Amino acid sequence: MGIALLLVRQLERWFELMGTEYAYMATDRSNEASLRLFTARCGYSKFRTPSLLVHPVHSHRLRAPRRATVVRLGARDAERLYRSRFAHVEFFPADIGAVLGNALSQGTFLAVVDGAGYEWRGVDRFLSSPPASWAVASAWDCGGVFRLEVRGASRLRRGAAAATRALDRLAKWLRVPSVPDFFRPFAGWFVYGLGGDGRDAAVAAEALFASIVNMARGAAAAVAVEVAALDPLRSRIPHWRRLSCAEDLWCMKRLGGHADGWDWARSAPGRSIFVDPREV
């Protein structure tokens, strides 16, 4: 009926009135109808192919690499670190301080590999002499905005999932890969601002993600992170394939009032992206 096309065009007009230079959309690669609308009719280019990695929250704790030490950063130190080391990353928000200071943000964490007894001595010391391998990430409580629910599961599947949870609660040492109660409205946490440096940065990222999953116990049923296709940190992020989406696709368009010069929408992908949690 053309309704979707009218909606997109109206949004783009509003974007331009607000001074926006680019518009982008995200969908699953299998959503052919949406892709035809945006790429064939609205002039968008296929831009990036990130993956959404999801891990359920269990009663037992996830094991983090022993070589990594995780410390929590204050909001001001976190903002300075992000601005100093990640301002060049795609989609980095100019108001990162507002993101970190939001009530839904659950904190920023730094992991240092081979840092037994590592002590945070302030952002100035870190920026002037960073550890050999490290990673940083922040956590966001999506449950403060929306909740999800899985419907249509059979009684057998619900019963089997409940049995795994019961066993996990009673015998945490067995480390049963239990299925949370996704069949009622549940909250999720989102990991954002993931980045790092050094040979073992992926190990540090694993420690961060495991720590945030453990912190979410009692508050969320799952924790997710979105990482770029070329991000070397993704190799160590613990996740369940059946809950994750490896076929995400972002499309980008440069709007008409900014048609001269270099076009970001047709640029080569970088190694990482910064997913603003307010857009989740």
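For reference, positions follow the sequence shown, starting with 1. These numbers come from a predicted model, not from an experiment. Every heavy atom of this structure was used, including side-chain atoms; hydrogens, water molecules and symmetry mates were not.
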Give a yes or no answer on whether the side chain of [X] reaches the backbone of [Y] with a donor-acceptor pair at less than 3.5 Å.
{"X": "Ser51", "Y": "Val227", "value": "no"}
{"X": "Gln106", "Y": "Leu104", "value": "yes"}
{"X": "Ser84", "Y": "Leu81", "value": "no"}
{"X": "Tyr44", "Y": "Met25", "value": "no"}
{"X": "Ser105", "Y": "Gly101", "value": "no"}

Same apolar cluster (I L V M F W Y, side chains within < 4.5 Å links), [X]/[Y]:
{"X": "Val223", "Y": "Leu52", "answer": "no"}
{"X": "Phe274", "Y": "Trp140", "answer": "yes"}
{"X": "Phe209", "Y": "Phe86", "answer": "no"}
{"X": "Phe109", "Y": "Leu233", "answer": "yes"}
{"X": "Val89", "Y": "Phe190", "answer": "yes"}

Would you compute the distance between atom [atom1] of [X] and atom [atom2] of [Y] and round it to the nearest 0.5 angstrom?
{"X": "Asp276", "Y": "Tyr192", "atom1": "CG", "atom2": "OH", "value": "8.5 Å"}
{"X": "Glu279", "Y": "Glu226", "atom1": "CD", "atom2": "CD", "value": "10.0 Å"}
{"X": "Cys251", "Y": "Tyr24", "atom1": "SG", "atom2": "OH", "value": "12.0 Å"}
{"X": "Arg165", "Y": "Asp181", "atom1": "CZ", "atom2": "CG", "value": "4.0 Å"}
{"X": "Phe38", "Y": "Thr27", "atom1": "CZ", "atom2": "OG1", "value": "8.5 Å"}
{"X": "Arg29", "Y": "Thr49", "atom1": "CZ", "atom2": "OG1", "value": "5.0 Å"}

Inset, instruction - Verify the ring-centre separation between Trp264 and Phe91: is it less than 6.0 angstrom? - result: yes
Inset, instruction - Name the orientation class of the two ring planes belonging to His58 and Trp240 (parallel below 30°, tilted from 30 to 60°, perpendicular beyond 60°). - result: tilted
Inset, instruction - Only pairs at least two apart or in different chains count here, so list each salt bridge (charged side-chain N to carboxylate O under 4.0 Å, His left out) that has a residue in residues 227-237. - result: Glu206-Arg236
Inset, instruction - Answer whether the closest heavy-atom distance between the side chains of Leu37 and Cys42 falls below 4.5 Å. - result: yes
Legend entry - Min side-chain heavy-atom separation Asp77-Phe126 under 4.5 Å: no
Inset, instruction - Using a strict cut-off of less than 4.0 Å between a Lys/Arg side-chain nitrogen and an Asp/Glu carboxylate oxygen, indicate whether Asp124 and Arg80 qualify as a salt bridge. - result: yes
Legend entry - Electrostatic pair Glu149-Arg151, nearest N-O below 4.0 angstrom: yes
Show the nearest heavy-atom pair for residues [X] and [Y], with the distance to one decimal.
{"X": "Ala265", "Y": "Tyr22", "answer": "N-CE2, 3.7 Å"}
{"X": "Met215", "Y": "Ala139", "answer": "CE-CB, 4.4 Å"}
{"X": "Ala219", "Y": "Ala187", "answer": "O-CB, 3.7 Å"}

Inset, instruction - Any pair with a residue in residues 214-224 that passes side chain to side chain donor-acceptor pair (under 3.5 Å), sequence neighbours left out, goes on the list, sorted by first then second residue, please. - result: none
Legend entry - Polar side chain donor-acceptor pair, Thr108 to Ser138, under 3.5 angstrom: yes
Legend entry - Between Ser59 and Arg169, a side-chain donor and acceptor under 3.5 Å: no
